[in-house]
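Data block below; observations after.
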Amino acid sequence: MSKNTPKAIRGTQDIFGADAEAFAFVVETFERVRKLYRFRRVEMPVFEKTEVFSRAIGETTDVVSKEMYSFEDRGGDSLTLRPEFTAGISRAFLTNGWQQHAPLKVATHGPLFRYERPQKGRYRQFHQIDAEIIGAAEPQADVELLAMADQLLKELGIEGVTLHLNTLGDAQSRDAWRAGLIEYFGAVKGELSEDSQERLEKNPLRILDSKDPRDKVFVADAPKIDAFLSDDALAFFGAVTSGLDAAGVKWERAESLVRGLDYYRHTAFEFIPDEGSAAAGALGSQSTVLGGGRYDGLMESLGGPATPAVGWAAGIERLAMLVGEKAEEPADLIIVVEDRSEAALVRATSALKSARLAGLSAEMIAEGSPRKRYDKAVKRSPRAIVSFEEDGHRVSGGDEGGPDLEKVLGL
RNA sequence: GCGAUCGUAGCUCAGUUGGUUAGAGCGCCGGUUUGUGGUACCGGAGGUCGGGGGUUCGAGACCCCUCGAUCGCCCCA
């Protein structure tokens, strides 16, 4: 590599070969399943006004306070490369009058950007698939959304991943729980890890997720959300869980599961690899494969009317790591030009065009040492090979190299 | 932002306590062998050993700095 060749930006990836096939497999499967569940496709801008994210996600979250790719455009507006889909979709819902379609089921996928230190399964430009149901307050929407996620993972052939489910209650429940946690952890503040002492100020719910053993001793006896749930919140969660059971979606209660962003209410969930599973090993420390929840308060933070909604997103790279090797399809036909004659090249070129018009995937080998061209073709394992020389051609493979192929190629 | 590990050919990697002209496999290019064929052989191109400085008679190897990558912490998909 020349020393003055520009390098790729840190945390970006050039995906090729088997990895690219796995990536495409995830997206194609998502598109298929999303249609099964009648989610409508949306395409969204990759960047928005910065306030779309800062207001929707919450100023104090790490995503907003230190992980956004923000810049000023030529008009002086602060813009940000989207760090997630939900905020942008919510903005679109409000600014395009999509209320008329509510309840609206939408799905999308594409690149997202977060200024973070890259590591296994985490990049600065990464890709997600995303599904949202907007304008639906009933627990059946949560069930619908999770049933799709569950089926998607199954159709991707991913095993050893379990739905971890929790409720954060409604706004009152969540606030009361939060106050309870601050009181409980505040009493032992000095014995918590440095990180958790900071979390106490910024996001006390996150202490429950801490991996630090100093915190874990207190987490076990921390106040549980269940003690703070209103009757409505409790009924809502019960309806979600019984719906999941009816839909045949396996789940586990995860009492300390909270999500990072301010806008979540009620249902919160993550699909996480089971301890010791192949999936857990493949993902390193980036364990969540698909996550989301209900965000009933988000629309109001963007200045819209109260609009209930649920959604999830999943990292395509992480899913691709779990779907196994996806080989590139072998060609239907490879055409070999076995000598340097003009006549052979002309007839081969013509046959190649005919093959493609007939719907066969085909490529031609006419470069390099003539003696080695056939071997190159064989190594690519095509379904059939047709080789040309100045005075004729030979067919091998296909359906016994039969007359059908010759006819298709006009030979 | 913090920590650990690692940077040798296009790719995967050897390279002894520091010692001549830095190697192999795969891939690439040319030739021979085979001749309905995934074979075998011969030859070739391709490296300022990530970059800079230092120690030394001598550095791919040791020291310092720097850049980059990987993995982890924080956070998150």
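Predicted model only: the values in this text are computed from it and were never measured. Here is how names work: the chains are called A, B, and so on, in the same order as the sequence lines, proteins then strands, and each is numbered from 1.
A gap of 47 Å separates the C1' atoms of B:C29 and B:G3, to the nearest Å. The P atoms of B:A4 and B:C64 are separated by 13 Å, rounded to the nearest whole Å. Taking atom C1' on both B:G10 and B:U17, the two are 34 Å apart, rounded to the nearest angstrom. Nucleotides B:G1 and B:U20, compared at atom C1', are 49 Å apart to the nearest Å. Nucleotides B:G7 and B:U16 have their P atoms positioned 13 Å apart, rounded to a whole Å. Taking the P atoms as reference points, B:G43 lies 33 Å from B:A59, given to the whole Å. Remark: the separation of the P atoms in B:U70 and B:U33 is 48 Å, to the nearest Å. Across B:C13 and B:C6, the matching C1' atoms stand 14 Å from one another, rounded to whole Å.
As judged by a 4.0 angstrom heavy-atom cut-off over every strand, A:Arg10 is placed among residues touching the sugar-phosphate backbone only.
With sequence neighbours excluded, the residues forming a side chain to side chain contact (heavy atoms under 4.5 Å, CB included) with A:Ala131 are A:Phe39, A:Leu145, A:Met148, A:Trp312, listed by chain and number. Partners of A:Phe71 according to the side chain to side chain contact (heavy atoms under 4.5 Å, CB included) rule, which considers only residues two or more places apart in sequence or in another chain, are A:Phe47, A:Leu79, A:Leu81. With sequence neighbours excluded, the residues forming a side chain to side chain contact (heavy atoms under 4.5 Å, CB included) with A:Ala254 are A:His164, A:Leu257, listed by chain and number. Remark: A:Ala87 pairs with A:Val52, A:Phe53, A:Ala56, A:Glu84 by the side chain to side chain contact (heavy atoms under 4.5 Å, CB included) rule, at least two apart or across chains. Partners of A:Ser173 under the side chain to side chain donor-acceptor pair (under 3.5 Å) rule, at least two apart in sequence or in another chain, are A:Asp170.
When rounded to the nearest whole Å, the span between CG of A:Asp375 and P of B:G35 equals 14 Å. Nucleotide B:G37 holds its C1' atom 8 Å from the CZ atom of A:Arg394, rounded to whole Å. The NZ-C1' distance, from A:Lys372 to B:C41, rounds to 10 Å in whole Å. Going from atom CD of A:Glu338 over to atom C1' of B:G37 covers 9 Å, rounded to whole Å. As a whole-Å value, the separation of A:Gln13 CD from B:G68 P is 18 Å.
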Open item on the list: Could you spell out the base pairing of RNA chain B as a dot-bracket line? Use Watson-Crick and G-U wobble contacts where both distances are under 3.5 Å, [ ] for crossing pairs, | for partners on a different strand.
Closed with: (((((((..((((.....[...)))).(((((.......))))).....(((((..]....))))))))))))....
Could you go through nucleotides 5-9 of chain B and list every protein N or O atom that sits under 3.5 Å from one of its N or O atoms, giving the distance for each pair?
none

Protein N or O to nucleotides 25-27 of chain B N or O, pairs below 3.5 Å:
{"unit_1": "B:G27", "atom_1": "OP1", "unit_2": "A:Lys379", "atom_2": "NZ", "d": "3.4"}

Please list each protein N or O that sits under 3.5 Å from an N or O in nucleotides 43-45 of chain B, with the distance.
none

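In terms of phosphate contacts, A:Lys376 brings no side-chain nitrogen or oxygen within less than 4.0 Å of OP1 or OP2 of B:G37. Note on A:Ser369: every side-chain N or O is 4.0 Å or more away from OP1 and OP2 of B:C29.
Of the inter-residue distances, the one linking A:Leu153 atom CG with A:Leu322 atom CG reads 9.0 Å to the nearest 0.5 angstrom. Rounded to the nearest 0.5 angstrom, A:Ser256 OG and A:Leu181 CG are separated by 10.5 Å. Atom CG of A:Leu146 is separated from atom CG of A:Leu165 by 7.0 Å, given to the nearest 0.5 angstrom.
Comparing A:Ser387 and A:Glu367 by the nucleotide of RNA chain B whose heavy atom lies nearest to each, the residue mapping closer to the 5' end is A:Glu367.
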Task: Protein-to-nucleotide contact annotation, 5' to 3' order, nucleotides 72-77 of chain B [B base; S sugar-phosphate only; - none; under 4.0 Å, heavy atom] - done: BBBBBB
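Counting non-hydrogen atoms of other residues, nucleotides and ligands closer than 6.0 Å to NZ of A:Lys49 gives a total of 12 or fewer. Atom CD of A:Glu159 has 12 or fewer heavy atoms from other residues, nucleotides or ligands within 6.0 Å.
Under a 3.5 Å cut-off, the side chain of A:Arg114 and the backbone N or O of A:Arg124 do not form any donor-acceptor pair.
The shortest non-hydrogen separation linking A:Ser285 to A:Gln119 is OG-OE1, 3.5 Å. In terms of heavy atoms, A:Arg380 sits closest to A:Pro330 at O-CB, 4.3 Å. Contact detail for A:Pro273 and A:Ser277: the closest heavy-atom pair is CB-OG, 3.8 Å.
Listed by first then second residue, pairs satisfying salt bridge (Lys or Arg N to Asp or Glu O under 4.0 Å) with a partner in residues 244-253 of chain A read A:Asp226-A:Arg253, not counting sequence neighbours. Sorted by first and then second residue, the pairs that involve residues 106-145 of chain A and meet ring pair (Phe, Tyr, Trp, His ring centres under 6.0 Å), not counting sequence neighbours, are A:Phe23-A:His127, A:Tyr69-A:Tyr115.
Distances from the side chain of A:Val378 to the nucleotides B:G37, B:G31, B:G38 place B:G38 closest.
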- [ ] Could you go through the side chain to side chain donor-acceptor pair (under 3.5 Å) check for A:Ser78 and A:Glu72 one step at a time?
- [x] CA-CA 5 Å; A:Ser78 176; A:Glu72 258 189 29; over 6 Å; no
